[in-house]
Amino acid sequence: MKQKLPYVKTLRKNRLLLWLLILTITIIWGYAWVLMKASLEFMGPFSFSFFRFGVGTVTLMLIVWLLKIGMPPKESWKHLLIVGTLQTAIVFLFVMFALRFVDAGKSSVLLYSMPIWSSMLATKFLQEKITPAKMAGLWIGMLGLLTILGWDIWVGQNPSIIFGELLIIIAAFSWAVSNVYYRIHVQDLPKIQATAFQMLFGTIAIFIVTLFMEWGEPVQLNAQSTYYILFTGVLASALCFTVWFIILSVIDMVTATISTMLVPLFGLLFSSLLLNEEMTPSIVVGFVLIVIGIIVAQLKNPRLQ
C-alpha cells in the first residue's frame, strides 16, 4: 500500500497552493529560456548544460545530505538512470544544441508539445482517462501552440532551423516518456532524492557528451554567465524539477502536463522583452488560445492521485 506523504495531503486539500506552485515553476522555466539562449554567447551548448546541471546536482545532493535522506535503494538506481537520461540528458542536450538555430521563444513552444505526448502515453501505460473537457482543452492549447509557430514552420524554412525544431520535438517526446516512466517506477521515492539522483545520472551523461563534442572550446566564466548558470542550475533545475515531480505525484498526468503550456507563454514574453524576438499577432492569438485551453481542461476537477 502506498503511503501518502504530508505534502501530498496538503496539496490535495489546498488547490490554491497547488496552482501557485505550477505558476511559479512555469514562470521560472519561461524566463530560463532567455538565459539558455543568451548563454551561447559565452560557451558551447553542451558545456552550459553540464555547468547548469552540475550546479543543480550539487545543490540537491547538499540538501539530501543536510536532511539525512540517504541513498535510494539499489533496485531504484537503474530507474533513476533511465529517468535522468530521458529527462535531463536527452532533453537538454537536444534543446541547447537546437537553440543555436531556433529562437528561444519558439523553442519553448516546440518543447511544450510535451503534453500531447504525455497524454497519449498516460492513457496507454497509466490507464488514465481523458475526459471530454481535458481533451478539448488539450487540443485548444495545441492549436494555440501551432498558431504561435505559424505556417513558417512548414514552408520556406532554413534546413538548419528545421533540424533544430526536429531535435526539440524529439526532446519533448523524451520528456513525456520520462514523466510516465517516473510515475511507474520512481514515484514512491522521496522527491528530493529522486530528483537529485536522476539529475546526477543525467549530468554524467551530459559530461561525457561535452568531453567528446566540445573539448578545448572556449568557456567564458564572468558575472553574467555565472548568473545564467546559477539561476538555471539552482532554481530552474534543482528547485523546479523537484516541485515538478511533487506535482506529478499529486495530480493526474494529463492535467499536470496541460498546465505546463503556460511555460511557452512566459518564454515568448520574456524572449520578446529581453532578446527583442518578435511578438507577432499570431503569438498574441496563441496566448489567448493556450489560456482558454487550460481553463477548459479544468472545468471538471482533475483526478488527484
Side-chain angles (χ1 to χ4, degrees), residues 25-26 28-37 39-40 44-53 56 81-122 141-142 145-146 148-149 153 157 159-183 195 198-199 201-210 212-214 232-233 236-237 240-241 244-245 248 253 256-268 271:
I25 67 170
T26 53
I28 292 174
W29 276 342
Y31 174 59
W33 282 95
V34 172
L35 306 188
M36 290 158 61
K37 180 75 171 182
S39 72
L40 298 178
F46 302 147
S47 297
F48 175 77
S49 296
F50 169 67
F51 283 121
R52 169 186 177 174
F53 288 104
L81 172 61
I82 292 172
V83 172
T85 301
L86 294 169
Q87 173 89 47
T88 299
I90 292 178
V91 170
F92 288 95
L93 285 172
F94 282 27
V95 164
M96 285 302 301
F97 187 80
L99 278 172
R100 284 181 161 179
F101 317 111
V102 186
D103 285 348
K106 283 196 173 183
S107 296
S108 69
V109 171
L110 281 173
L111 185 63
Y112 285 88
S113 63
M114 177 270 292
I116 194 167
W117 312 122
S118 289
S119 300
M120 291 176 178
L121 293 171
M142 291 306 299
L145 296 183
L146 290 174
I148 291 172
L149 285 172
I153 191 174
Q157 278 284 35
S160 62
I161 295 178
I162 295 175
F163 175 67
E165 291 169 344
L166 179 61
L167 286 180
I168 298 171
I169 292 172
I170 294 172
F173 185 77
S174 180
W175 186 2
V177 174
S178 76
N179 289 337
V180 174
Y181 192 90
Y182 173 88
R183 284 282 297 275
T195 307
Q198 71 83 20
M199 194 173 292
F201 289 128
T203 302
I204 292 171
I206 290 172
F207 177 67
I208 293 170
V209 172
T210 303
F212 279 97
M213 301 296 294
E214 293 182 358
T232 57
S237 300
C240 286
F241 280 113
W244 172 247
F245 286 133
L248 286 182
M253 179 73 67
T257 53
I258 287 175
S259 301
T260 61
M261 286 182 177
L262 284 169
V263 176
L265 289 177
F266 293 120
L268 284 163
S271 297

- Return the set of residues passing side-chain contact (heavy atoms from CB on, under 4.5 Å) with Thr85 (not counting sequence neighbours), or none when no residue passes. Leu81, Ile90

- Message: If the condition is side chain to side chain donor-acceptor pair (under 3.5 Å), which residues does Ser113 pass it with, not counting sequence neighbours?
- Response: Trp117

- From Leu99 atom CG to Trp33 atom CH2, the distance as rounded to the nearest 0.5 Å: 5.5 Å

- Message: Using a 3.5 Å distance criterion without hydrogens, assess whether the side chain of Thr210 forms a donor-acceptor pair with backbone atoms of Phe46.
- Response: yes

- Item | Pairing residues for Thr195 by the side-chain contact (heavy atoms from CB on, under 4.5 Å) criterion, not counting sequence neighbours | Leu60, Gln198, Met199, Phe241, Thr242, Phe245

- Query: Can you list the residues that meet the side-chain contact (heavy atoms from CB on, under 4.5 Å) rule with Ile204, with sequence neighbours excluded?
  - Reply: Leu200, Ile208

- Note on the structure: ring pair (Phe, Tyr, Trp, His ring centres under 6.0 Å) filter on Tyr31, not counting sequence neighbours, yields Phe231, Phe270

- Sequence neighbours left out, what passes ring pair (Phe, Tyr, Trp, His ring centres under 6.0 Å) with Phe266? Give chain and number order. none

- Message: Please enumerate all residues that pass ring pair (Phe, Tyr, Trp, His ring centres under 6.0 Å) together with Phe51, with sequence neighbours excluded.
- Response: none

- Item | Contacts of type side chain to side chain donor-acceptor pair (under 3.5 Å), residue Ser237, not counting sequence neighbours | Arg52

- Residue pair Ser108 / Pro264: nearest heavy atoms and the distance that separates them: OG-CA, 3.5 Å

- Item | By side chain to side chain donor-acceptor pair (under 3.5 Å) - contacts of Thr203 (at least two apart) | Thr57

Check: residues 168-177 side-chain donor-acceptor pairs under 3.5 Å, at least two apart:
unit_1 : atom_1 : unit_2 : atom_2 : d
Ser174 : OG     : Leu86  : O      : 2.9
Trp175 : NE1    : Asn179 : OD1    : 3.3

- Only counting residues at least two apart or in another chain, list the ones meeting side chain to side chain donor-acceptor pair (under 3.5 Å) with Ser178. Gln87

- Message: Test of understanding: with ring pair (Phe, Tyr, Trp, His ring centres under 6.0 Å), list the residues that count as partners of Phe48, not counting sequence neighbours.
- Response: none

